[in-house]
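Inspection log for the structure reproduced underneath, given as structure tokens.
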Amino acid sequence: MNWSDIWVLYRRELRSAFRDRTIVMNGILVPVFMYPIMMWVMMTGLMFVLGQMERESSRLVILDPPSEHSALVDTLGAQTNLEIQEDVLSEDSAMVLLRAGDLDALVEFLPPTDEGSALEDNFQVLIRYDRAVGRSSQASARVESTIADYRSEWLSQQASALGIPETEHEQFQIVQDNVSTEEDIGTLLMGMMIPMFLVLMIAMGCLMPAIDSTAGERERSTWETLMTVSASRLSVVTSKYFYVATLGILAGVLNVVAMFASMGVIMGPLLMDLGESANAFQFSLPFLALPVMIVAAIALALFFAAAMMILAAFARTFKDGQAMVGPVFLLAMMPILMGQQTDQTLTPLTAAIPVANAAMMIRDAINGVFLWPLIAETLAVLLAMVTACLLIARVLLKTEDFILLSPDGRFSKFSKIFKSSSRSRLGRNSSEGLK
Amino acid sequence: MAIANVKVEGLQKSFWDESRGEVRAVDGIDFDCQPGEVFGLLGANGAGKTTTLRMLATILKPTGGSASLNGYDVLADPEAVRRSLGFYSASTALYPRLTGRETLEFFARINGYPANQVNQRVEELIDRFGIREYAGARVGKLSSGMRQKISIARTIVHDPPILIFDEPTVGLDVMAALEMQNVIHELRDEGKVIIFSTHIMSEAEKLCDRIGIIHQGRILALGTLEEHRQATGKHYLEDVFVHEVMQAEDQSAKAMASPGEPRTSL
């Protein structure tokens with residue numbers, strides 16, 4: 001391996017890449033502009049949906065309301081966001097409407113249970129709703145909230161009639177006090193978002209270059225040209241590997257920088273619209289978090305670059321390459337699932353799961369948690385994966401059929417040929433492979 | 001007598017085919033080439049020309065025999081072989097997002113041309129091939145004729161002593177093919193060893209100092225055009241070619257009955 005050759009090849013790859021619209025779009029523009037635009041779209045969309053839901057009235061049918069509690073029915077009827085349908089008189093017809101989505105909730109007043117029947121004017125309420133429909137769930141919540149308020153007031157009146165002061169009958173009050181600061185909330189949000197997007201952006205940054213530098217070379221017929229230069233095969237592949245990893249890291253770094261730069265500006269005003277204070281989004285990063293994030297990003301990029309290049313190298317065309325690298329990109333989605341458990345830190349088990357471990361390592365670092373043995377395990381696992389990929393690449397590079405792509409980009413065919421040619425120590429007809 | 005720059009002895013390449021088993025694409029080829037000589041491999045499609053040239057260019061590994069270029073063995077020192085070699089074929093395309101000048105710089109550097117002389121060499125070739133007007137334009141935006149010139153310049157930019165042209169005129173129009181032939185003549189006059197494959201008889205007649213007729217992976221006859229004429233009694237190369245191939249087919253049929261029949265040689 002000749003480092004001077006690798007440098008010349010690496011520069012050539014980068015030069016070509018920065019002139020390719022798709023690579024620049026996926027590797028630079030999307031990571032930089034994705035956060036501001038995506039945040040704006042997400043928050044605006046959220047506010048829009050919330051506003052729509054608030055404005056939407058819930059359609060109710062009330063059956064068998066107790067005459068002693070006519071005030072409750074009046075209260076329900078007086079609410080502007082509840083629309084009582086009085087023309088439905090039976091449970092069966094109401095259920096038909098509910099199932100068809102023409103009704104949001106059925107409120108049935110039932111006699112109290114045996115234990116509760118001793119109490120005067122007692123009743124049960126059965127709220128039937130469709131949990132799979134947001135509007136129906138909202139109707140149930142609205143009715144439940146109104147009845148809970150009514151019950152509280154009714155209990156106060158009863159206590160008052162019995163001469164019990166309100167302060168005495170309302171014992172065991174629950175008061176919540178959120179001790180987290182605005183910065184803690186910001187850290188929580190960033191801890192959820194940065195790992196997820198960093199992983200995705202690194203994967204996206206590697207995706208196009210990995211395909212372009214392998215299947216793309218074949219599609220453009222520059223692969224054979226490259227095979228005739230005096231640099232060794234290993235130098236050629238090493239330069240491509242560094243190039244793909246570089247663009248992965250670049251995409252990840254640009255993405256994080258863009259997020260830090262834009263989150264406060266975008267999130268602040270939007271959170272104000274949602275009723276939070278102007279400083280609702282604050283965020284600071286622990287001192288050690290940045291180096292940990294950089295190391296994780298490099299390890300991830302090395303892994304994605306190796307895995308994607310191996311798969312894409314089997315492809316004959318750019319399109320085939322995209323289809324082959326798809327599974328690796330799906331693997332990058334795993335941290336989204338792991339990221340849902342915000343209070344879970346790295347464990348020896350999770351540190352052994354590639355990609356997810358790096359995402360959790362980054363989230364821990366943002367939260368100021370540095371579990372060094374598990375960080376070491378995470379890096380060891382990722383580097384072991386990279387080593388495995390490179391060993392596979394080494395075997396493939398020695399296989400003429402792979403270099404010439406005789407199997408037409410089909411794994412099954414390649415495996416058959418590989419077995420046969422290994423047995424006979426022969427190559428396969430090359431003239432059909434090189435196009 | 002000049003030192004042979006290319007020496008091929010008993011070169012073989014067998015492939016494994018799922019349906020046919022072992023297939024001998026090249027079956028014991030011998031030839032050598034001298035500096036200032038255009039050696040032509042003439043054969044039909046599938047005769048083994050491209051496989052032979054790819055073995056010489058170290059893209060494929062021989063399964064038997066040996067080949068050395070400029071004193072370097074293709075198996076023992078493939079990188080040195082490639083440094084001594086310029087390889088041109090219809091399937092060696094250029095990077096579309098590099099300019100012509102960047103392309104030449106890249107191939108000069110990667111093939112080990114002295115770094116301090118790269119710019120001078122590139123400018124020299126830009127003038128030689130008349131590509132200055134579009135040397136700064138991206139290759140992908142150029143016409144096929146312009147690309148062809150850059151491609152030839154790319155092949156010789158590191159000034160290799162040996163050049164391989166694998167069916168270089170395939171897909172070219174008449175003028176472009178003529179230009180290619182002129183370049184090959186010029187390079188021969190500069191003392192390069194040129195190995196040239198084609199299935200176009202007139203091209204071989206016009207360009208080659210010596211011609212090897214290749215059929216089913218074997219060289220049936222090898223010599224100058226005049227030697228081929230004398231050996232076969234045919235004037236036109238096309239007739240010579242047909243004669244040799246038919247004779248080989250006959251011998252092959254006889255060999256089925258009595259194995260071990262010797263090959264024809266001039």
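Worth saying up front: this structure is predicted, and the values here are computed from it rather than measured. Labels below follow one simple rule: chain letters A, B, ... track the order of the sequence lines, proteins then strands, and each chain is numbered from 1.
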Fill in: Qualifying residue, where the test is side-chain contact (heavy atoms from CB on, under 4.5 Å) with B:Phe87 and the options are A:Thr228, A:Thr225, A:Val229
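Among the candidates, only A:Thr228 passes.
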Discussion item. Is A:Asp20 in contact with chain B via its backbone, its side chain, both, or neither, using a 4.5 Å heavy-atom distance?
Written reply: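 Contact with chain B involves both backbone and side-chain atoms of A:Asp20.
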Discussion item. Applying a heavy-atom distance below 4.5 Å, give me the residues of residues 3-14 of chain A that approach chain B, sorted by number.
Written reply: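 Expected list: A:Asp5, A:Val8, A:Leu9, A:Arg12.
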Fill in: Check: A:Arg220 side chain, B:Tyr95 main-chain N or O, donor-acceptor pair, under 3.5 Å
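No, because the side chain of A:Arg220 does not come within donor-acceptor range (under 3.5 Å) of the backbone of B:Tyr95.
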Discussion item. When you measure from the side chain of B:Arg97 to the backbone of A:Arg19, do you find a donor-acceptor pair of N or O atoms at a distance under 3.5 Å?
Written reply: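 Not confirmed, B:Arg97 side chain does not pair with A:Arg19 backbone.
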Worksheet item: Counting a contact as any heavy-atom pair under 4.5 Å apart, which residues of residues 136-154 of chain B contact chain A?
Response: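 At a heavy-atom separation under 4.5 Å, chain A is reached by B:Arg138, B:Arg154.
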Fill in: chain A neighbours within residues 98-120 of chain B, where any heavy atom lies under 4.5 Å away
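Those residues of residues 98-120 of chain B which have a heavy atom under 4.5 Å from chain A are B:Leu98, B:Thr99, B:Glu102, B:Phe106, B:Phe107, B:Arg109, B:Ile110, B:Asn111, B:Gly112.
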Worksheet entry | Partner residues of A:Tyr241 under the ring-ring contact (aromatic ring centres under 6.0 Å, His included) criterion, sequence neighbours left out |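 If we apply the ring-ring contact (aromatic ring centres under 6.0 Å, His included) test to A:Tyr241, skipping adjacent residues, there are no hits.
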Item to complete: Can you see which heavy atom on B:Arg82 is nearest to which on A:Arg233, and at what distance?
Response: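 That closest heavy-atom pairing would be NH1-NH1, 3.2 Å.
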Discussion item. Would A:Glu224 and B:Arg54 count as a side-chain contact (heavy atoms from CB on, under 4.5 Å) here? Give the steps.
Written reply: CA-CA 10 Å; A:Glu224 190 173 349; B:Arg54 280 178 180 162; 3.4 Å; yes
Discussion item. Nearest 0.5 angstrom please: A:Leu226 CG to B:Ile59 CD1, how far?
Written reply: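 Going from the CG atom of A:Leu226 to the CD1 atom of B:Ile59 covers 10.5 Å.
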